[in-house]
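It should be emphasised that the depicted structure is a prediction, and the values quoted were computed from it without experimental measurement. Just so it is clear: chains get the letters A, B, ... in the order the sequence lines come, proteins before strands, and each one is counted from 1.
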2 protein chains.
Amino acid sequence: MPNTETRDAVLDVAQDLLQTRGLNAFSFRDVAERVRIKAASIHYYFPTKAELCRALIARQRADVKVSLDRIDSDERDANQKLARYVSVFRATLEVGNRMCLCGMLAADVTTLDRSVVEDLRRSFEDHEGWLKGVLDEGKKSGSLRFDASPRDEARLLLSSLEGAMLIARTFEDLRRFETSARHLLAKLKA
Amino acid sequence: MPNTETRDAVLDVAQDLLQTRGLNAFSFRDVAERVRIKAASIHYYFPTKAELCRALIARQRADVKVSLDRIDSDERDANQKLARYVSVFRATLEVGNRMCLCGMLAADVTTLDRSVVEDLRRSFEDHEGWLKGVLDEGKKSGSLRFDASPRDEARLLLSSLEGAMLIARTFEDLRRFETSARHLLAKLKA
DNA sequence: GTCTATAAGATGATAGAC
DNA sequence: GTCTATCATCTTATAGAC
């Protein structure tokens with residue numbers, strides 16, 4: 001079996017560099033140095049940068065699923081679920097002023113292989129699908145209020161959070177994100 | 001005097017590549033080939049990539065000022081002003097599925113020189129300042145309605161539009177942007 | 001202003017030793 | 001699994017001819 005420890009370390013470092021600098025601003029050598037192996041060794045786990053990307057998205061989707069499942073089991077009120085959801089984004093920004101993994105890949109989308117773009121879209125759709133469910137349920141239970149369809153409202157919320165991260169990061173100002181997120185949730189509250 | 005024609009052509013091509021691929025995914029050679037000069041010649045106009053960046057932002061800020069001034073002189077209603085403002089973003093996406101220049105640089109922010117980051121922030125502040133004015137005036141005249149401060153609401157609107165571009169671009173789906181933008185404006189309308 | 005030539009280093013990727 | 005060695009190519013940038 002492959003050495004999962006090294007493989008995970010490579011993914012951890014690559015993810016951090018990707019979220020911090022962007023896909024085209026870090027190299028296999030950058031990753032290797034931090035993992036303290038040689039660049040060539042990374043190719044043993046991930047033959048190409050595209051495969052590294054796919055693995056990052058796959059792991060991220062699994063991690064997100066765990067987070068969303070936990071929110072679903074912990075919270076019953078839609079407002080609380082959304083607040084917890086937002087806190088996932090804030091945590092990303094909080095540690096090292098990182099951009100969302102998918103948001104960063106979205107910026108680099110034209111430089112990605114076709115198959116990576118497809119995975120990236122599925123990842124966004126994971127978020128949108130969950131948000132749609134929460135919004136739908138919140139509207140029906142009377143705890144949320146909005147005029148668009150749950151689908152459109154979910155898309156708008158995700159987009160707005162991504163944009164809020166992008167700009168808060170530019171100003172290195174976490175409070176910018178927090179303020180935007182607070183207003184976004186307030187607008188949805190019944 | 002320097003050859004303004006070539007200089008402008010370099011800026012045009014660099015801007016397109018930047019908005020399409022991102023700062024770290026195009027080279028002086030890429031620009032040179034499209035302008036049909038040699039890469040070394042670009043250094044005559046822009047000694048470093050950072051200076052090219054600064055020039056792009058400076059030109060963009062001037063262009064945006066012209067656009068916003070025109071909106072101000074053409075439209076009196078705040079809702080109309082915002083609709084025109086949104087159409088500037090849509091036009092960018094419409095032609096070649098391009099990301100906003102500043103939004104793209106924001107993704108690459110950690111790889112930018114300090115001085116470029118400062119210019120980038122000023123560019124965002126230009127937008128936010130204008131939006132704040134429109135929102136303030138719209139609220140006072142009774143044509144707009146929102147709960148946050150004009151400043152926070154302006155920041156949120158700009159963030160949301162950037163995020164909507166980012167994700168619409170990922171799906172190569174202009175209508176995603178249009179739908180999000182429509183709902184954003186509807187939420188503000190009194 | 002634009003070119004050729006060149007530097008000095010980085011990049012993704014592969015072959016083959018250990 | 002990890003390494004060294006190597007490849008072919010690209011990158012930003014500079015020097016100096018034309």
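- Atom CZ in B:Arg36 sits roughly 15 Å away from atom P in C:dT2 (whole-Å rounding).
- Looking at heavy-atom distances under 4.0 Å, A:Ser41 makes contact with a base.
- If you measure from atom CZ of A:Arg21 to atom C1' of C:dA10, you get 13 Å, rounded to the nearest angstrom.
- Because its NZ or CZ atom is both nearer than 6.0 Å to the ring centre of A:Phe146 and within 45° of the ring axis, A:Lys139 counts as a cation-pi partner of that residue.
- B:Arg98 and B:Gln15 share no side-chain donor-acceptor pair at under 3.5 Å.
- Between B:Glu128 and B:Arg121 no salt bridge is recorded (no basic side-chain N to carboxylate O distance below 4.0 Å).
- Taking atom CG of B:Asn24 as the reference point, atom C1' of C:dG12 lies 16 Å away to the nearest angstrom.
- Comparing D:dA13, C:dT2, D:dT4 by their nearest atom to the side chain of B:Thr48 picks out D:dA13.
- Nucleotide D:dC10 holds its C1' atom 11 Å from the CD atom of B:Glu33, rounded to whole Å.
- If you measure from atom CG of A:Leu23 to atom P of C:dT11, you get 13 Å, rounded to the nearest angstrom.
- Distances shown here put every side-chain N or O of B:Ser27 at or beyond 4.0 Å from the OP1 or OP2 atom of D:dC10.
- B:Arg29 has a side-chain polar atom (N or O) that falls below the 4.0 Å cut-off from OP1 or OP2 of D:dC10.
- Among the nucleotides C:dC3, D:dT2, C:dT2, the one closest to the side chain of B:Tyr45 is C:dT2.
- Judged by closest nucleotide on DNA chain C, B:Ala40 is the one of B:Ala40 and A:Ala39 placed further toward the 5' end.
- Classification of A:Arg84 and A:Glu75 as a salt-bridged pair holds, one side-chain N sitting under 4.0 Å from a carboxylate O.
- Atom-to-atom, CZ of A:Phe28 to P of D:dC10 comes out at 18 Å; the value is rounded to the nearest Å.
- For A:Lys49 and C:dG12, the shortest distance from a side-chain N or O to OP1 or OP2 is below 4.0 Å.
- Across all strands, B:Phe26 comes closer than 4.0 Å only to sugar-phosphate atoms, never to a base (heavy-atom distances).
- A cation-pi arrangement is present between B:Lys49 and B:Phe26, with the terminal nitrogen or guanidinium carbon under 6.0 Å from the aromatic centre and inside a 45° cone about the axis.
- Atom OH of B:Tyr44 is separated from atom C1' of D:dA13 by 17 Å (rounded to the nearest Å).
- Comparing C:dT4, D:dA13, C:dT11 against the side chain of B:His43 picks out D:dA13 as the nearest.
- D:dT14 atom P lies 15 Å from atom CZ of B:Phe46, rounded to whole Å.
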